[in-house]
Protein chains: 2
Amino acid sequence: MRKPTIQDVARAAGVGVGTVSRVLNNHPSVKQATRETVLRLITELDYTPNPHARRIAGGKSYTISVLLPVVTTEFYVRLLDGLETAFQDARYDVAIFPLLDRSRLERYLGSHTLAYQADGLVMATYNLTALLSERRLRTQQPTVLVDAHSDNVDCVYMDNVAGGRLAGEHAATLPGHIYATWVETELDQLFTTRVFEERRNGFLAALGAAGRPLKAEFTSSFDSLAARNTASTLLDQAEFPCVVFASADLLAGALLDEAALRGLEVGRDLRVIGYDDQPWAASRQLTTLHQPVESMGHEAASLLLSRLGGHKGPPRVRKFLPRLVLRGTA
Amino acid sequence: MRKPTIQDVARAAGVGVGTVSRVLNNHPSVKQATRETVLRLITELDYTPNPHARRIAGGKSYTISVLLPVVTTEFYVRLLDGLETAFQDARYDVAIFPLLDRSRLERYLGSHTLAYQADGLVMATYNLTALLSERRLRTQQPTVLVDAHSDNVDCVYMDNVAGGRLAGEHAATLPGHIYATWVETELDQLFTTRVFEERRNGFLAALGAAGRPLKAEFTSSFDSLAARNTASTLLDQAEFPCVVFASADLLAGALLDEAALRGLEVGRDLRVIGYDDQPWAASRQLTTLHQPVESMGHEAASLLLSRLGGHKGPPRVRKFLPRLVLRGTA
DNA sequence: TTGTACGCGTTATCAC
DNA sequence: GTGATAACGCGTACAA
């Protein structure tokens, strides 16, 4: 059986194709009753618009390219979730382009994808605008940066300095020595991120303002084994009671594991502040910093969609603040 | 200035649009002279066909979805290179769908991408056919598995057992105790791979056949810090001369670093056999196993394209053999 | 508020 | 071999 087309829906609903199209695109000038009839028949026939036909008729691709580094992280899953939800509501497709390697960026630039496949561009974590603009011939499509800074294009990012500060301010209210663990910035082989540097700056500033010293700090790479080792080293050297700012929940989790092994009472001998609010954080009572990542993705989409809608004006910046979630561990 | 269309090319070349289309699609029935004229004008006008128009006219999406786990690895870069090159030659687009998370698979299934965006499916490393077929309503598109096994669909993969065996056979010819290092199989948080298990099986079989014992083995997670620690531990315990099969070049590299630090003469006191033949392997004289990953990607594309071309018949299996590259370290 | 008809840039099917 | 021309499914201006 053939896939139903807009014609089929129109015929079945006893209206013209124009009306169906208007319903699809949320045109205000459709009578409520008609709209309902059409919508009913759309679901009844299980009709889905053909995106290709739409693109050729509309002269747009209704597609957004998302360039993002390849790191399996809660962060990117949630970011994509926010982006995709918002874009899908606006009937835009999202084409993900994972940057595994510098050569892959070349491939993206070289393919004709760029020219046809994307009305807009979302770049996550890395600001590749310079790289792009020097290579791009004509297609200078609207761009928004996520989790990155720029003076030239719209961008949204998390305020990691503020997050570190929140952690520091809270830590300063707690008794005992203060420790911290950071993540090595080599997130993948090619690029680096500065988020942990920023969290550290905020944290140190807050401690300084409160007149509390940082007893010692430790660095780990971002994997569970290394996290466990770092936790072990820290607990070997620590004087109790103490409070540890683990700048990623992965590190915080390892700390909790190791503490349990040693019979330390978390929340008393050892207090832990995490960062990320991973799904498991609540059940383990982890006090941590929650980041509104989906909202950030949503906002990024809004900014881009407004540009696609013709919005002119200077680059806009949206900063998102993490929120300290107080639970049992600190 | 508007993008040139097939009409513009036809007019400029003094031919009909049909002819231009035939040239584009490599139809044999075009006179050589005409073809050349058309091709010249295509480049002159900088014409690129509109893929959306093509899709609606052709009734196909000319797009292949590639589902792959998110691991920043030489392997996937090269695999994608092989796949994309082959598909682009056949004028197919590649839509990459990184599986960051189980929820993302749901998103893929839920979107209408599946129905419209893909004529075929490539699944790398994980066999998700069961998951897909139970969810899919009608669109049962041709599928090929890469780096995974299946009895029901075409698949291509590297013979890791053979690779381990090659390493073992070579190791057995060398003097000294034999050690090995493996990688923890938790490649990412959700799925696991069995490649190291397979390499180990092959390696042990070869040693057994040669009557050589394996003195000791070590396990590391797949990151440079852990690799370095493992290398250090191994060299602490090893008796020299010895030969180490490092089942990933990352581990082999760490071993070379650590050996240099201790003043060990590689190729004499310590012999190292790696696996992967990373770009840096040649310059460091690393004896290692080279995998024809691009070829594998190319073959996967060929299998899928043949199905799209109407090929019927039982599932085909293509096994690719790694090749031992003898350099200085062993 | 709604229906009709045209156009988008291709491919495919005819005749020539 | 090659040139017209009819689809393909949708958006949209225009008329009603």
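All values derive from a computational prediction rather than experimental measurement. All chains are named by letter (A, B, ...) in the order of the sequence lines, taking the proteins before the strands, and each is independently numbered beginning at 1.
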**OP:** Provide, to the nearest angstrom, the distance between the CG atom belonging to A:Asn26 and the C1' atom belonging to D:dG11.
**Re:** 15 Å
**OP:** Round to the nearest Å and state the distance from B:Ile6 atom CD1 to C:dA12 atom P.
**Re:** 11 Å
**OP:** Choose from C:dG9, D:dG3, C:dT2 the nucleotide whose nearest atom is closest to any side-chain atom of A:Lys31.
**Re:** C:dT2
**OP:** Return the 5'-most residue of the pair B:Gln7, A:Arg35 with respect to DNA chain C, ranking by each residue's nearest nucleotide.
**Re:** A:Arg35
Original post:
Below 3.5 Å, does any donor atom in the side chain of B:Arg22 face an acceptor in the base of D:dG3, or the other way round?
Top reply: yes
Original post:
Rounded to the Å, how far apart are B:Lys60 NZ and D:dC8 C1'?
Top reply: 14 Å
Subject >> B:Arg55 side chain near C:dC8 phosphate (N/O to OP1/OP2, under 4.0 Å) >> reply: no
Original post:
Between C:dT11, D:dG11, D:dT2, which nucleotide gets closest to the side-chain atoms of B:Thr19?
Top reply: D:dT2
**OP:** Kindly point out which of D:dC8, C:dT2, C:dT10 is positioned nearest to the side chain of B:Ile56?
**Re:** D:dC8
**OP:** Ignoring backbone atoms, establish whether B:Ser21 has a side-chain N or O less than 4.0 Å from OP1 or OP2 of C:dT10.
**Re:** no
Original post:
Start at the 5' end of DNA chain D and walk down; is the nucleotide closest to A:Thr5 or to B:Gly16 reached first?
Top reply: B:Gly16
**OP:** Assign each of B:Val17 and B:Gly58 to its nearest nucleotide of DNA chain D by heavy atoms, then name whichever residue's nucleotide is nearer the 5' end.
**Re:** B:Val17
Original post:
Atom CG of B:Leu24 and atom C1' of C:dG9: how far apart are they, to the nearest Å?
Top reply: 12 Å
Original post:
Between A:Asn25 and A:Arg91, is any side-chain donor less than 3.5 angstrom from a side-chain acceptor?
Top reply: yes
**OP:** For the residue pair B:Tyr116 and A:His52, categorise the inter-ring angle as parallel (less than 30°), tilted (30 to 60°) or perpendicular (more than 60°).
**Re:** perpendicular
Original post:
Given C:dT11, is OP1 or OP2 found less than 4.0 Å from the side-chain N or O atoms of B:Asn25?
Top reply: yes
**OP:** Looking at every strand, decide which applies to B:Pro49 at a 4.0 Å heavy-atom threshold: base, sugar-phosphate, or nothing.
**Re:** sugar-phosphate
Original post:
Are the charged groups of B:Arg78 and B:Glu74 less than 4.0 angstrom apart, N to O?
Top reply: no
Subject >> Spacing of B:Glu36 atom CD relative to D:dG1 atom P, expressed in whole Å >> reply: 15 Å
Original post:
How close or far is atom C1' of C:dC8 from atom CZ of A:Arg54, stated in whole angstroms?
Top reply: 14 Å
**OP:** Could you tell me whether the phosphate oxygens of C:dT10, OP1 or OP2, come under 4.0 Å of any side-chain nitrogen or oxygen in B:Tyr47?
**Re:** yes
Original post:
In terms of side-chain heavy atoms of A:Arg91, which of C:dT11, D:dG3, D:dG11 is nearest?
Top reply: D:dG11
Subject >> Atom-pair distance (OH on B:Tyr62; P on C:dT10), nearest Å >> reply: 12 Å
Original post:
A:Gly18 near the nucleic acid: base, sugar-phosphate alone, or nothing, with a heavy-atom cut-off under 4.0 Å?
Top reply: base
**OP:** State plainly whether the residues B:Glu299 and B:Arg316 are in salt-bridge range, i.e. N to O under 4.0 Å.
**Re:** no
Original post:
Does the pair B:Asp159/B:Lys319 count as a salt bridge with the N-to-O cut at 4.0 Å?
Top reply: yes
Original post:
Passes side-chain hydrogen bond (donor to acceptor under 3.5 Å, both in side chains), B:Arg107 versus A:Thr85? Steps please.
Top reply: CA-CA 10 Å; B:Arg107 164 89 61 177; A:Thr85 304; 3.3 Å; yes
**OP:** Whole angstrom is fine here: how far is it from NE2 in B:His52 over to P in C:dT11?
**Re:** 14 Å
